[in-house]
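First up is the structure itself, then whatever we jot down about it.
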Amino acid sequence: MEEFDVVIVGGGMVGASFALALRATRARVLLIESVPADSASQPSFDERTTAIGNGSRQIFESLGVWADMAREAAPIRSIHVSDAGRFGVARLDAQEQGVQAFGYVVPNRVIGRALWQALRGAQNVTLAVPAQLKSATLREDCVLLDVAAAGETRRLRASVAVAADGAGSVLRASAGIDADVEDYEQVAIVVNASTERPNTGEAFERFTPSGPLAVLPVAGGGYTVVWAVRPDRAAQLVSLDETAFAAELLAAFGWRAGRWTKVGRRNTYPLVLSRAAETVSGRVVLIGNAAQALHPVAGQGFNLGLRDAATLAEMLASVAHSTNEAPDYTELLAKFAAWRAEDRRGVTRFTDGLVKLFGSDLPGLGLVRNFGLLMFDLSPAAKRALSRVSWGFAGRMPRLARGLPLE
Ligand SMILES: Cc1cc2nc3c(=O)[nH]c(=O)nc-3n(C[C@H](O)[C@H](O)[C@H](O)COP(=O)(O)OP(=O)(O)OC[C@H]3O[C@@H](n4cnc5c(N)ncnc54)[C@H](O)[C@@H]3O)c2cc1C
């Protein structure tokens with residue numbers, strides 16, 4: 001039976017980043033991914049773009065892949081937040097907060113290309129793609145994984161198995177870890193579009209009665225639109241032709257970015273909040289969406305998952321290098337879960353709170369929102385707090401996010 005120190009299930013945005021971080025260690029790593037990164041049906045590296053904060057940019061820089069992404073990344077230089085039908089508006093300017101940009105909008109396919117290209121040169125990382133985890137059995141000192149590839153199923157042994165296989169994680173289910181899933185009853189329509197004038201690096205977040213609408217700048221002058229609406233409305237909007245859809249977008253968003261001149265293909269994503277009850281069970285550990293999948297309203301899901309990855313890589317590096325004795329993985333994984341708990345909780349509450357505060361029709365809440373946005377606009381402290389979001393929320397930052405090597 002083939003044996004590895006670390007087997008990663010899922011080579012999407014978080015799993016591929018994690019595998020690349022382990023390149024700097026002596027761990028023998030296997031990465032299992034069912035859909036190649038350049039395939040049209042790759043669910044992680046698809047037509048979406050991802051807003052990454054400065055902390056994530058730093059992690060990519062530390063991993064040596066930021067230069068490949070930077071060419072196709074658009075900086076977010078200011079943020080404009082508004083609430084449809086209300087007077088409160090908040091504006092944030094990166095320069096005022098002492099940063100060049102709050103973050104960068106990068107096409108997911110660009111991220112996938114950069115990560116997988118770098119992975120092909122990683123000597124200690126074996127790539128199994130296309131290969132699919134079917135089930136896993138937890139033993140006291142290892143995990144046995146049944147993996148289907150090229151028409152047959154083989155069994156592998158991992159000292160540690162990392163679930164980076166997304167919200168519907170097979171490894172999480174095999175480990176008997178429950179996930180608490182709350183349906184937001186919203187669907188995100190994602191579309192790349194342009195207006196009559198090129199973007200100036202401004203990102204917009206507009207809260208509408210049916211859900212939040214984000215308009216983010218992309219390289220080349222256009223925008224990516226992430227419009228969360230109720231499922232029936234999403235079906236209707238997707239069935240419209242380009243001109244009719246552009247008119248609906250203009251009605252919901254206003255003229256802030258100008259008239260929509262080109263609207264690309266619309267893709268839809270049902271939105272849920274999924275939280276695993278635990279992030280560790282025996283030798284199985286969850287990172288990224290397998291641990292928590294969030295509403296995209298604040299663009300935090302991947303940023304949070306990347307911090308999971310950077311932290312776990314740092315902890316594994318500390319044992320994989322130290323002695324010849326078998327590492328105490330039980331203690332290490334317990335420490336990992338404790339380290340990540342505050343960040344997970346903080347970001348999940350913040351994101352869920354935003355969806356609920358701005359999505360509620362309860363009397364009085366509209367007033368709170370008006371004053372919230374106005375106070376926010378007037379308060380330098382609140383703005384500073386939000387700009388910290390762009391670095392990552394709480395607690396100790398992993399070394400890669402501070403620009404340091406793993407150890
Ligand atoms: C509309 C939308 C917009 C978003 N925008 C942002 C944003 O701007 N900023 C941000 O930070 N986050 C954003 N997010 C969140 C972000 O997309 C996720 O947090 C991120 O994709 C999580 O990556 P992941 O690798 O954990 O999981 P996934 O992206 O789900 O990847 C899982 C991978 O595992 C593979 N896999 C699954 N099962 C198996 C198996 N059994 N065997 C082998 N491989 C398997 C899949 O093929 C896939 O490659 C957004 C999400 C949505 C829906």
Side-chain angles (χ1 to χ4, degrees), residues 43 46-51 74 76 78-91 105 107-109 183-273 294-299 301 351 354-362 365-366 369-370 373:
D46 60 8
E47 295 313 310
R48 282 173 295 173
T49 59
T50 296
I76 300 176
S78 60
I79 302 176
H80 179 285
V81 186
S82 60
D83 194 357
R86 305 194 177 275
F87 57 81
V89 164
R91 288 185 195 83
V105 183
N108 286 21
R109 289 207 190 281
D183 190 345
Y184 282 119
E185 288 170 23
Q186 286 182 2
V187 169
I189 302 172
V190 179
V191 54
N192 296 318
S194 348
T195 63
E196 55 207 352
R197 52 176 192 260
N199 74 65
T200 55
E202 190 166 24
F204 303 88
E205 182 80 53
R206 183 157 178 79
F207 293 95
T208 78
S210 62
L213 166 55
V215 175
L216 306 172
V218 293
Y223 291 95
T224 186
V225 176
V226 183
W227 190 359
V229 291
R230 283 186 279 272
D232 52 341
R233 174 86 170 125
Q236 184 204 359
L237 285 170
V238 166
S239 69
L240 295 176
D241 66 25
E242 209 177 280
T243 316
F245 180 80
E248 292 287 344
L249 187 55
L250 194 67
F253 181 65
W255 288 89
R256 287 170 188 81
R259 182 191 302 277
W260 298 97
T261 49
K262 218 171 114 206
V263 173
R265 218 173 78 113
R266 282 151 265 165
N267 293 309
T268 54
Y269 301 82
L271 301 177
V272 297
L273 167 62
L294 311 181
H295 193 292
V297 62
T351 299
L354 266 186
V355 180
K356 289 182 178 150
L357 172 64
F358 283 94
S360 168
D361 297 331
L362 283 181
L365 265 188
R369 300 199 306 242
N370 270 340
L373 283 181

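Starting from 1, each residue takes its place in the sequence as its number. These numbers come from the heavy atoms of this one structure, side chains and all, not from hydrogens, waters or symmetry mates.
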Going by heavy atoms in the side chains, are [X] and [Y] under 4.5 Å from each other?
X    : Y    : result
V355 : P212 : no
S78  : R91  : no
V225 : F253 : no
L294 : L273 : yes

Minimum-distance pair of heavy atoms, taken over all atoms of [X] and [Y]:
X    : Y    : answer
I189 : A234 : CD1-CA, 4.0 Å
A74  : P217 : CB-O, 3.5 Å
L250 : G258 : CD1-O, 3.9 Å
P296 : L271 : CD-CD2, 3.5 Å

Result for side chain to side chain contact (heavy atoms under 4.5 Å, CB included) between Y223 and one of T49, T195, V191, L216 points to T195
Counting only N and O atoms by type, is there a donor-acceptor contact under 3.5 Å from the side chain of N192 to the main-chain atoms of T224?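 It does not hold such a pair.
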Here the side chain to side chain donor-acceptor pair (under 3.5 Å) pairs for residues 237-260, sequence neighbours left out, are R233-E248
Check side chain to side chain donor-acceptor pair (under 3.5 Å) between [X] and all other residues, then give those that pass, not counting sequence neighbours.
X    : result
N267 : R265
R266 : none
D46  : R48, Y269

Self-check item: CD-CD1 distance between E202 and I76, expressed to the nearest 0.5 angstrom
Solution: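 Output value for this atom pair is 11.0 Å.
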Going from NE2 on H80 to CD on E205, what distance comes out if it is rounded to the nearest 0.5 angstrom?
->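 Going from the NE2 atom of H80 to the CD atom of E205 covers 12.0 Å.
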Quiz item: How would you list, by chain and number, every residue that makes a side chain to side chain contact (heavy atoms under 4.5 Å, CB included) with A252, sequence neighbours excluded?
Solution: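 Per chain and number, A252 pairs via side chain to side chain contact (heavy atoms under 4.5 Å, CB included) with L213, W227.
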With sequence neighbours left out, the residues meeting salt bridge (charged side-chain N to carboxylate O under 4.0 Å, His left out) with E47 are R109
